[in-house]
Amino acid sequence: MSDKPAADLADRARTTRVVVIGGGIAGLVAAWECARIGMPVTLIEQQPRLGGRIETDELDGVTVDLAPEAFSLSAPALVGLLDELGLRAEVEPAREGSVAVALATPGGPRVVTLPPNRAGIPANVWAEPVRALVGGRGVWRAYLDRLRPPLTIGRERSLGALVRSRMGARLRDRLVAPLTLGTWGVDPDQIDVDLAVPGLSAALTRAGSLAGAVGQLLPDDAATRGPRRARLRGGLTQLVTALTERLLLLDADLRVNHRARGLTRTPDGWLVHLDPADPRDEAELSSAQESAEPLPADIVVLAAGAATSAALLREHGIVLEAAPLPVRDVVTLVMDAGTAASDGPATIYPVPGAMAAASVIDVGSAWAGVRAHAGPGRRVLRLTFDAAPADDATDLIARAAADAAQLWPGIGGVRAAAQRRATLAPPASVLGHAQRTAATRAAIGRRHGLIAVGEDLAGGGVSAIVADTLAEVERVRHDVLWTRS
Ligand SMILES: Cc1cc2nc3c(=O)[nH]c(=O)nc-3n(C[C@H](O)[C@H](O)[C@H](O)COP(=O)(O)OP(=O)(O)OC[C@H]3O[C@@H](n4cnc5c(N)ncnc54)[C@H](O)[C@@H]3O)c2cc1C
């Protein structure tokens, strides 16, 4: 431990210039973590608003998140951040909303609510919904798992391969795959079972079957974890607003409408080169040019996604792997409730071919606050679709309304709608993710004062990103404050 006096460290912080590229949740958290210890921070965001994927809007007077909405209550970093920002009172735990799978039938999708499960693996293969989804032979195949020798799970890390080998392909395809494909656009064969369902490995060794293992985990879930998911009343943008307010109080320079286009090394740090927003007239031209002067930095935080990081680092000889990501269209609808049944599952994942959508969330079934806000006459739904370049908002909204009408016969017309297109980063539980992140960071880490954060490295999801960003910023703060001469 160094004996540097606190005043010396405070001086170092004050003279350590930080530029954060990207104003999504990763960039905002990184900026705050640096600004709060006295570092002068400039944040660059190419869009006219901060928040990145996080966006909340009013549709027909109902406040709704348009893409990310839920987070895990068992994530200490995010929960701690919400406490620090004074947002704990805004946290709304999820209702006991059920998850369903939609099967293709000649008469339209048939919705089957899953029995108690983990990652779609049922605790009881004889439950009626399992039979409805996989048929009598599928149930027998799944039951055979009870009669097999209790292999340890450690021999099979892939969730999909494990379920297929122990309970059969039909159960994998109809109970497990719709959930991972609908949520992440990732096949269950690509998911690391130990990360996706912690504890299943040990439980399988004890119970001797997958269903038995899930049966052992479920009471634990109920007793120790309580509701695992939550949202913020008033939307996730409250997190963005609270961080922005704190940053402004700390005199951070937040520049929206500016794109970082280059990064050069200087003898004492970095220069970040910017493209300004397009000036609307002559009067805006000179201020746009001034605000686009290159920014000197001692720490550069790359928080703008894999493609931007790869482009900025290429000229420094750092080649990052930027795998193509699935692109999703997200359509949020406020519809007249009509005569449709008001209850039902909170989330519906189709088996391929059952519906156009990749996932459907009945937002009012998932969250009591939204249901109360919308009232009995309206229904708030969010549907995602695998994006096709030719689709436009009008087509997508019509397709979403058509899927809704099939799922809830009697539902009324669309009162308001919003559509967003976004890439889906895979979760941290994808096989090989930790190794790819480590390799990227090893390549970047050799350059003093440069770090990369965000969903491409942490895995998709606000909780994972907050935890990872806090750890990375702490690492670079320590390096710069304690080792810079
Ligand atoms: C449909 C959908 C639903 C989701 N649902 C959930 C959910 O319920 N719960 C959950 O936890 N997660 C969810 N996610 C994932 C979550 O939204 C993301 O993982 C997270 O918001 C990503 O944050 P980020 O800061 O890494 O990236 P982003 O939010 O993408 O921020 C990156 C920012 O960098 C900016 N930028 C890019 N290039 C430049 C440049 N050259 N110069 C300046 N700025 C630049 C971009 O404009 C953007 O604002 C969902 C994602 C999608 C697409």
Side-chain angles (χ1 to χ4, degrees), residues 19-31 42-56 64-73 75 78 94 182-185 228-232 235-237 239-240 243 254-263 272-277 292 295 300-313 325-332 347 357-359 361 363 366-367 382-387 418-428 452-469 472:
V19 174
V20 178
I21 302 172
I25 186 64
L28 288 165
V29 168
T42 306
L43 182 144
I44 306 299
E45 168 54 51
Q46 65 183 0
Q47 298 293 329
R49 59 165 193 88
L50 296 170
R53 303 282 157 72
I54 298 177
E55 194 181 355
T56 308
V64 275
D65 283 308
L66 300 184
E69 170 180 64
F71 52 86
S72 166
L73 278 175
L78 178 58
T183 309
W184 302 109
R228 283 185 310 216
R229 282 156 42 83
R231 67 166 200 135
L232 291 182
L236 213 47
T237 40
L239 182 54
V240 174
L243 284 165
L254 307 180
R255 294 193 202 175
V256 293
N257 282 326
H258 284 71
R259 195 180 73 89
R261 67 171 160 76
L263 201 57
V272 179
H273 301 273
L274 308 180
D275 280 338
L295 291 168
V300 175
V301 180
L302 300 169
T308 296
S309 296
L312 292 174
L313 294 179
L325 298 174
V327 184
R328 282 273 165 91
D329 282 304
V330 193
V331 179
T332 309
T347 312
S359 70
I361 299 178
V363 186
W367 311 105
R382 185 176 314 105
L383 295 91
T384 64
F385 299 88
D386 292 325
Q419 175 262 341
R420 295 290 181 272
R421 179 166 288 186
T423 50
L424 263 186
V453 293
E455 63 176 7
D456 45 314
L457 293 156
V462 174
S463 315
I465 292 168
V466 169
D468 177 74
T469 302
E472 278 302 295

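In listed order, ligands and their atoms are each counted from 1.
- For ligand 1, none of its N or O atoms has an N or O atom of I54 under 3.5 Å away.
- Between S359 and T384, the side chains place a donor N or O and an acceptor N or O closer than 3.5 Å (distance only, hydrogens not considered).
- In this structure, atom 2 (C) of ligand 1 lies nearest to the protein heavy atom A67 CB, 4.0 Å.
- Looking only at heavy atoms of the protein, atom 44 (N) of ligand 1 is closest to Q46 N, 3.2 Å.
- Using a 4.0 Å cut-off between charged nitrogen and carboxylate oxygen, R328 and D386 count as a salt-bridge pair.
- When the options H258, Q46, R259 are evaluated for a side chain to side chain donor-acceptor pair (under 3.5 Å) with D275, the one that passes is R259.
- The distance from atom CG of L73 to atom CZ of R229, rounded to the nearest 0.5 Å, is 10.0 Å.
- Only the side chain of V330 comes within 4.0 Å of ligand 1, counting heavy atoms alone; its backbone N, CA, C and O stay farther away.
- Under the 4.0 angstrom criterion for non-hydrogen atoms, R261 is not in contact with ligand 1.
- Below 4.0 Å from some heavy atom of I44 lie the following atoms of ligand 1, by number and element: 43 (C), 44 (N).
- Using a 4.0 angstrom heavy-atom cutoff, I25 counts as in contact with ligand 1.
- Side-chain atoms of T423 and R53 form a donor-acceptor pair, as typed in the model, at a separation below 3.5 Å.
- With ligand atoms numbered from 1 in the order given, ligand 1 contributes 25 (O), 29 (O), 31 (O), 33 (C) to contacts under 4.0 Å with heavy atoms of G24.
- The protein heavy atom nearest to atom 17 (O) of ligand 1 is P68 CG, 3.1 Å.
- Counting the atoms of ligand 1 from 1 in the order shown, those under 4.0 Å from a heavy atom of I465 are 19 (O), 20 (C), 22 (C), 23 (O), 26 (O).
- For ligand 1, the atoms lying closer than 4.0 Å to a non-hydrogen atom of A422 are 53 (C).
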Next on the checklist: Pair H273, L263 - check side-chain contact (heavy atoms from CB on, under 4.5 Å), show working.
Outcome noted: CA-CA 6 Å; H273 301 273; L263 201 57; 5.9 Å; no
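- The nearest protein heavy atom to atom 27 (O) of ligand 1 is not closer than 4.0 Å.
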Checklist entry - Yes or no on side-chain contact (heavy atoms from CB on, under 4.5 Å) for L239 and I25, after CA distance, side-chain angles and deciding distance? => result CA-CA 8 Å; L239 182 54; I25 186 64; 3.7 Å; yes
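- Atom 41 (N) of ligand 1 has its nearest heavy-atom neighbour, among A260, G459, A425, in A260.
- A heavy-atom separation below 4.0 Å is found between G460 and ligand 1.
- Between E69 and ligand 1, an N or O atom pair is found at a separation short of 3.5 Å.
- Looking at R49, E45, R382 and measuring to atom 46 (C) of ligand 1, the nearest heavy atom belongs to E45.
- The shortest N or O to N or O distance between E455 and ligand 1 is under 3.5 Å.
- Salt-bridge check for R420 with E55: passed, with a basic side-chain N closer than 4.0 Å to an acidic carboxylate O.
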Item to check | V272/L274 under side-chain contact (heavy atoms from CB on, under 4.5 Å): CA gap, chis, key distance, verdict | outcome: CA-CA 7 Å; V272 179; L274 308 180; 3.9 Å; yes
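- Annotation: atom 29 (O) of ligand 1 to nearest protein heavy atom, R53 N, 2.9 Å.
- Using a 4.0 Å cutoff on heavy atoms, A303 counts as a contact of ligand 1.
- Residue contact check: T423 has heavy atoms under 4.0 Å from atoms 53 (C) of ligand 1.
- Close approach of ligand 1 to A26 (heavy-atom distance below 4.0 Å) involves ligand atoms 25 (O).
- In this structure, atom 38 (N) of ligand 1 lies nearest to the protein heavy atom T308 OG1, 2.9 Å.
- Close approach of ligand 1 to G454 (heavy-atom distance below 4.0 Å) involves ligand atoms 26 (O).
- Shown are V20, V19, V29; of these, the side-chain contact (heavy atoms from CB on, under 4.5 Å) with V301 is made only by V20.
- Considering OG1 of T308 and CZ of R261, their distance stands at 14.0 Å, rounded to 0.5 Å.
- Protein heavy atom nearest atom 15 (C) of ligand 1, with residue, atom name and distance: G461 N, 3.8 Å.
- No donor-acceptor pair closer than 3.5 Å links the side chain of R382 to the backbone N or O of V64.
- Distance alone, capped at 3.5 Å, is enough to place a donor-acceptor pair between the E45 side chain and the Q47 backbone.
- Within the model, atoms CG of D65 and CG of L232 stand 8.0 Å from one another, a figure rounded to the nearest 0.5 Å.
- Regarding atom 11 (O) of ligand 1, its nearest protein heavy-atom neighbour is V462 N, 2.7 Å.
- For the pair R328 and ligand 1, no heavy-atom separation below 4.0 Å is found.
- For atom 52 (C) of ligand 1, the closest heavy atom belonging to the protein is L424 CD2, 3.7 Å.
- Put simply, CG on L78 and OG1 on T469 are 11.0 Å apart, with the number rounded to the nearest 0.5 Å.
- Those atoms of ligand 1 with a heavy atom of H258 less than 4.0 angstrom away are 43 (C).
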Checklist entry - Going through the distances and angles, do L295 and R255 end up as a side-chain contact (heavy atoms from CB on, under 4.5 Å)? => result CA-CA 12 Å; L295 291 168; R255 294 193 202 175; 3.8 Å; yes
